[in-house]
Amino acid sequence: MSDVRSHDKTTTRPETATVPTQALRSRIARRTHGQRHGPITRLMSPSDFGHLLKPFVFLDLFDNQGKPFSGFGLHPHSGIATLTWIAEGSVRYEDTNGATGLLPAGGIEWMRAGGGVWHGGGAGEPGRTRGFQLWIALPPELELGTSESVYLAPELIPRADPARVLLGTYGTATSSIKAPSPMNYLAVRLRAGERWSYQPPAEHTVLWTAVGMGSVLVPDELQQGELVAFQPSGGPLQFEAKSDAEFMVGSAVSHDHELVLGSHSVHTSATALREAEVRISEIRTRLIQQGRM
């Protein structure tokens, strides 16, 4: 729903003296409430958490608070995949792969841009719309490949309570979307007082969580609109909901490649970026000829 040009910076704060134990201090690496711009809060970008947590390179929390929001017209991407999770409301979408429609709460949009694609969208039906959009850096073998768009209705999202498995595998549930590299991405809901434990796979040295609603204890309190990056650890991550809460959990094998940024793209080299920019320009020409721009 947003692009690379939109504020590649977040504001971070170090862990504070209120952290209760030395074990926790060694686990939490950084935390932030990001930077808000209208209905969108950018929690992660390559200049900060995205460098620490790659292949996860951007994370936006969007919430229109029920106010009208025109969204984003057709805009390009390359070298990345985006996953949009709709927690409440609905989102309209269109892309240059031929897809258009309305995605309801509980659904996801997956867009693997590869060597170039254009898409757009915004809030759907009147009322509050909120959720997360995650950007994932693609490995060299996929960053210039064909684009792929997948739109999944809520009933097609596998569950291993209390988690919905958006990417990867958790428990007995596996996402139907093939992740570009080893990773898990989960949407979790807990009622006040409920507890949940996440054990990341041993090779997943990247681990983070972002709270969309309510607050959770890990055991330090994480509040709505906060992103936390954790130090690698072999142990499970323990969550307890202080109030009814919704949060995202991501873990992955580290993306051991450079992040080369364009206006709308993230690639592993300047050469790959230049090639993708040519393809993006060619698609733009076709869109103009079709009267879509």
[X] versus [Y], closest heavy-atom pair with distance:
X	Y	value
Gly50	Leu259	O-CD1, 4.1 Å
Ala105	Ala87	CB-O, 4.0 Å
Gln224	His33	O-CD2, 4.0 Å
Ala241	Val216	CA-CG1, 4.2 Å
Val206	Leu53	CG1-O, 3.4 Å
Ala210	Leu43	CB-CD1, 4.3 Å

If hydrophobic clusters are built by linking Ile, Leu, Val, Met, Phe, Trp and Tyr wherever their side-chain heavy atoms come under 4.5 Å apart, do [X] and [Y] end up in the same one?
X	Y	result
Val278	Leu273	no
Leu144	Ile136	no
Val150	Leu83	yes
Leu166	Leu156	yes
Val228	Tyr198	yes

Working to the nearest 0.5 angstrom, can you tell me the gap between [X] [atom1] and [Y] [atom2]?
X	Y	atom1	atom2	answer
Trp208	Leu52	CH2	CG	12.5 Å
Arg128	Lys67	CZ	NZ	11.5 Å
Arg42	Gln133	CZ	CD	8.5 Å
Arg274	Ser269	CZ	OG	7.5 Å
Leu59	Phe132	CG	CZ	6.0 Å
Ile157	Ser175	CD1	OG	7.0 Å

With side chains defined as the heavy atoms from C-beta onward, is the minimum distance between [X] and [Y] less than 4.5 Å?
X	Y	answer
Asp95	Met111	yes
Ser149	Trp110	no
Pro180	Pro139	yes
Tyr185	Leu134	yes
Arg189	Arg164	yes
Gln35	His37	yes
Ile177	Leu152	yes
Val218	Arg27	no

task = Report the C-alpha distance between Glu194 and Glu240 in whole Å, list the side-chain angles of each, state the deciding distance to 0.1 Å, and finish with yes or no for side chain to side chain contact (heavy atoms under 4.5 Å, CB included).
result = CA-CA 6 Å; Glu194 288 185 335; Glu240 180 179 350; over 6 Å; no

For [Y] together with [X], are the ring centres under 6.0 Å from each other?
X	Y	answer
Phe56	Phe49	no
His77	Trp118	no
Tyr93	Tyr151	yes

Does atom [atom1] of [X] have more than 12 heavy-atom neighbours, drawn from other residues, nucleotides or ligands, at distances under 6.0 Å?
X	atom1	value
Glu125	CD	no
Glu258	CD	no
Arg284	CZ	no

query = What's the verdict on side chain to side chain contact (heavy atoms under 4.5 Å, CB included) for Glu94 and His119, showing C-alpha distance, side-chain angles and the deciding distance?
reply = CA-CA 6 Å; Glu94 64 172 322; His119 74 159; over 6 Å; no

key: Test: Arg191 cationic atom under 6.0 Å from Trp196 six-membered ring centre, within 45° of axis   = no

inquiry  = Using the rule side chain to side chain donor-acceptor pair (under 3.5 Å), only one of Glu143, His264, His267, Glu277 pairs with Ser78; which is it?
reply    = His267

key: CA sep, side-chain torsions, deciding dist, call: Thr209, Phe230, side chain to side chain contact (heavy atoms under 4.5 Å, CB included)   = CA-CA 8 Å; Thr209 190; Phe230 296 97; 3.7 Å; yes

ask   = What do the steps show when you test Thr32 against Met44 for side chain to side chain contact (heavy atoms under 4.5 Å, CB included), and what is the final call?
value = CA-CA 9 Å; Thr32 182; Met44 182 195 311; over 6 Å; no

inquiry  = Can you tell whether the side chains of Arg279 and Glu275 come within less than 4.0 Å, N to carboxylate O?
reply    = yes

query = So, are Lys54 and Asp256 salt-bridged, with charged N and O less than 4.0 Å apart?
reply = no

Heavy-atom donor-acceptor pair, [X] side chain to [Y] backbone, under 3.5 Å:
X	Y	result
Asp60	Phe62	no
Asp244	Ala192	yes
Thr174	Tyr170	no

Hydrogens and angles aside, do [X] and [Y] bring a side-chain donor and acceptor to less than 3.5 Å of each other?
X	Y	value
Asp63	Thr129	no
His204	Ser251	yes
Thr84	Glu109	yes

query = Would Asn184 and Thr169 count as a side-chain hydrogen bond (donor to acceptor under 3.5 Å, both in side chains) if you check the C-alpha gap in whole Å, the side-chain angles of each, and the deciding distance to 0.1 Å?
reply = CA-CA 6 Å; Asn184 288 339; Thr169 297; 5.4 Å; no

